[in-house]
Amino acid sequence: MTAAADLILYNGDVHVLTDTATPADPTHSAVAIRDGRIVGLSNDYDAAFRADTGTREVDLGGRVVVPGFVDAHTHLAVLGKHGVHADLRGADSPAAATARLAERARETDAGWVLGFGYDDSQWSAALSTADLDAVSEARPVAAIREDMHTATVNGVALAEHGDEMPAADVGEDGRIVEDAVEAVYDATDPDLAGTKPLIEAAQREANERGVTAVHEMVRDSHAPRVYRELDAAGELSVRVRLNYWADHLDAVLETGLVTNHGGGMVTVGGIKTYTDGSPGGRTAKLSEPYADAPGETGQWVVDPSALAALVERADDAGLQVVAHAIGDAAVDAVLDAYEDAGERRHRIEHAELASDDAIERMADLGVVASVQPNFLKWAGSDGLYADRLGTARREASNRFADMLDAGVDVAFGSDCMPLAPLVGVHHAVTAPADAQRLSVTAALRAYTSGGARAGCREDEQGVIREGALADLTVLDASPWEHADAIADEVGVSMTVVDGAVVYDGR
């Protein structure tokens, strides 16, 4: 006799998103779940036979079901700071950002005044020390740009922490980049008690956005401990793959952690490293100068020789490497380092300006392109890429279609800019250049099975089939029917993780 299901979702429009699936003609309307696994895909009539008095049955009202979104690049503790400190997302000018920081200053009595998430690529003027001095001349103030490689600080912050900031990373207007920003993080990162509410806030946002699993880039020991404590308490409602910062490599090796170890909702990913910076701060490492700064080609955050040594150590120890590389020179350096590595499934994070040759090498080496489709918001003719890189490189950025055509494994993530898979899918489907643009189906796969493959779980995650993890996202409208406006017209109605409904917004 077939065991009864714990949960049945019925009267839905279930899209399994396999390579052979026809998106416009799904074959299932119901999903049956037991003990955190999918145990049946069927029509509503057959699904009813799996119900008993203990089964929860949910009428989806014709809503669309897809595999749960796997966000392959997140910083949840940083995302949580938007809800605790000044949220600068959407600020459209220095004045707007400053006003939010001033409000935060009024809410607190002492210490740093922090704001996170501004995007100044469309501002007519840059945020400056003078702007932040107006917030406070007695307390340190910092506004962190959404790329997390760039910030602006006030005079007090420079006076108190300037000695910790490399002079080359500090501009005259209080704009700081790379290692200078690290000094702000070092001074303000929360302790264990302060980290938990940040992660809890970010987890709620992930649930609401349909995210069922994240590949988290962790800077210290607090976040991994919080994730494991939440898991042990049964309070973790998103699967977490931990990628440890490179300066934790010795500790990771000493404790014997290797990629894919773990249990419950938390597993070990790999070692996260930088190579270069970001286009916004003109620190992404290019082979040719920036269009708006002819003498600059960016900078190495980790130079190629140090990167190669790190890759060798991590690979030998059974650890996946997760390497940030944006500029074409940085992507090439990562591929050079991976060339001599083993057959482990290493990753390049962002790969925004990968050349034709680099894309072919990624395919040949089996390197995963862990990319951010939401970055395409800068790819228009009047966007950040046009200013920094010029037309040709703008159109050759973020070439997801070319990557897939070459056989590269592509995984989508958000970098929490924002944590919103449907926004990323929208940008990928409506991208300005053919080489960037994907079909709705291909974009959804990159945010589901693509992320699962980047995390070495493609056998059970990112798919809807019997035996797979019961991680599902329910959409309130069909993205195929709203392909030109997915971000505005398609939302998340329900999120199921490990067979439990963790968000219900119907």
**Request:** Take R204 and E208 through the salt bridge (Lys or Arg N to Asp or Glu O under 4.0 Å) test and state the conclusion after the steps.
**Result:** CA-CA 6 Å; R204 288 190 294 272; E208 293 169 3; over 6 Å; no

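- Counting only distance, with no hydrogens or angles, the side chain of E160 and the backbone of A157 share no donor-acceptor pair below 3.5 Å.
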**Prompt:** For H215 and R347, what are the C-alpha separation, side-chain angles and deciding distance, and is it a side chain to side chain donor-acceptor pair (under 3.5 Å)?
**Reply:** CA-CA 12 Å; H215 297 179; R347 300 167 38 159; 2.9 Å; yes

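- For Q203 (side chain) and E235 (main-chain N/O), a donor-acceptor pair under 3.5 Å exists by modelled atom type.
- Formation of a donor-acceptor pair under 3.5 Å by the D382 side chain with backbone atoms of Q122 is not found in this model.
- Between the side chain of D179 and the backbone N or O of P166, no donor-acceptor pair lies under 3.5 Å.
- A donor-acceptor pair is defined here as one N or O able to donate and one able to accept, closer than 3.5 Å; such a pair exists between the side chain of D133 and the backbone of G155.
- For D163, the CG atom counts as loosely surrounded, since its 6.0 Å shell holds 12 or fewer non-hydrogen atoms of other residues, nucleotides or ligands.
- A donor and an acceptor atom, one from each side chain of E395 and Y385, are nowhere located under 3.5 Å apart.
- Between the side chains of R241 and N260, at least one donor-acceptor pair of N or O atoms lies under 3.5 Å.
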**Prompt:** Going through the distances and angles, do F400 and F412 end up as a ring pair (Phe, Tyr, Trp, His ring centres under 6.0 Å)?
**Reply:** CA-CA 10 Å; F400 310 140; F412 276 176; 5.3 Å; yes

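- Scanning both residues, G210 and T473, for their nearest heavy atoms gives O-OG1, 2.7 Å.
- When only modelled atom types and interatomic distance are considered, W245 and D220 share no side-chain donor-acceptor pair under 3.5 Å.
- Nearest heavy-atom pair, H324 versus K272, reported as atom, atom and distance to 0.1 Å: CB-NZ, 3.9 Å.
- Judged purely by distance below 3.5 Å, without hydrogens or angles, the side chains of E349 and S370 pair a donor atom with an acceptor atom.
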**Message:** Determine whether R175 and T150 satisfy the following criterion, side-chain contact (heavy atoms from CB on, under 4.5 Å), listing intermediate values before the conclusion.
**Reply:** CA-CA 7 Å; R175 188 178 179 87; T150 310; 3.5 Å; yes

**Request:** Give the intermediate values and the outcome of salt bridge (Lys or Arg N to Asp or Glu O under 4.0 Å) for residues R100 and E107.
**Result:** CA-CA 11 Å; R100 297 183 193 185; E107 295 170 349; over 6 Å; no

**Request:** Start with the C-alpha gap between V238 and V497, add the side-chain angles, then the distance that decides, and say whether side-chain contact (heavy atoms from CB on, under 4.5 Å) holds.
**Result:** CA-CA 7 Å; V238 61; V497 177; 5.6 Å; no

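- Between D292 and P294 the shortest heavy-atom distance is C-CD, 3.9 Å.
- In this structure a side-chain-to-backbone donor-acceptor pair under 3.5 Å is missing from W378 to G280.
- For R506, the CZ atom sits in a packed shell: over 12 heavy atoms of surrounding residues, nucleotides or ligands are nearer than 6.0 Å.
- Checking side-chain atoms of H85 against main-chain N and O of H82 turns up no donor-acceptor pair under 3.5 Å.
- Annotation for E172: atom CD does not count as buried by contact number, only 12 or fewer foreign heavy atoms lying within 6.0 Å.
- Side-chain atoms of H75 and D415 form a donor-acceptor pair, as typed in the model, at a separation below 3.5 Å.
- Looking at H248 and S221, their side chains never come closer than 4.5 Å, going by heavy atoms from C-beta outward.
- In terms of heavy-atom proximity, P432 sits nearest to A379 at CG-O, 3.6 Å.
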**Message:** Could you walk me through whether W112 and H161 satisfy the ring pair (Phe, Tyr, Trp, His ring centres under 6.0 Å) test, starting with their C-alpha distance in whole Å, then the side-chain angles of each, then the deciding distance to 0.1 Å, before giving a yes or no?
**Reply:** CA-CA 12 Å; W112 281 82; H161 297 277; 5.2 Å; yes

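- When atom types are taken as modelled, the side chain of N398 and the backbone of L376 share no donor-acceptor pair closer than 3.5 angstrom.
- Considering only heavy atoms from C-beta on, L307 stays 4.5 Å or farther from D303 through its side chain.
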**Prompt:** Can L475 and L422 be said to form a side-chain contact (heavy atoms from CB on, under 4.5 Å), step by step?
**Reply:** CA-CA 10 Å; L475 308 178; L422 288 172; 4.1 Å; yes

**Message:** Checking T74 against E216 for the side chain to side chain donor-acceptor pair (under 3.5 Å) test, could you report, in this order, the C-alpha distance in whole Å, the side-chain angles of both residues, the deciding distance, and whether it holds?
**Reply:** CA-CA 5 Å; T74 65; E216 177 74 334; 2.7 Å; yes

**Step-by-step side chain to side chain donor-acceptor pair (under 3.5 Å) determination, T108 to R139** = CA-CA 11 Å; T108 56; R139 300 165 60 185; 2.7 Å; yes

**Request:** For the pair H149 and Y274, evaluate ring pair (Phe, Tyr, Trp, His ring centres under 6.0 Å) and give the outcome as yes or no after the intermediate values.
**Result:** CA-CA 11 Å; H149 291 258; Y274 284 120; 4.9 Å; yes

**Asked** Could you go step by step and tell me if T297 and K285 meet the side chain to side chain donor-acceptor pair (under 3.5 Å) rule?
**Response** CA-CA 6 Å; T297 59; K285 187 63 176 171; 3.3 Å; yes

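- Within 6.0 Å of CD on E296 lie more than 12 heavy atoms contributed by other residues, nucleotides or ligands.
- With N243 contributing its side chain and G270 its backbone, the two residues share a donor-acceptor pair below 3.5 Å.
- Using modelled atom types and a 3.5 Å distance limit, the side chains of S128 and D131 yield a donor-acceptor pair.
- Donor-acceptor pairing under 3.5 Å is lacking for the side chains of S414 and N374.
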**Message:** What verdict does the ring pair (Phe, Tyr, Trp, His ring centres under 6.0 Å) test give for H426 and H482, after you've listed the backbone C-alpha separation in whole Å, the side-chain angles of each residue and the deciding distance to 0.1 Å?
**Reply:** CA-CA 10 Å; H426 169 88; H482 300 274; over 10 Å; no

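- In terms of modelled atom types and a separation under 3.5 Å, the side chain of T212 and the main chain of F69 share a donor-acceptor contact.
- Looking at S493 and R63, their side chains do bring a donor and an acceptor atom within 3.5 Å of each other.
- In summary, the side chains of S121 and R388 do not present any donor paired with an acceptor at a separation below 3.5 Å, with no hydrogens or angles considered.
- Residues T283 and E178 bring a donor and an acceptor atom of their side chains to less than 3.5 Å of each other.
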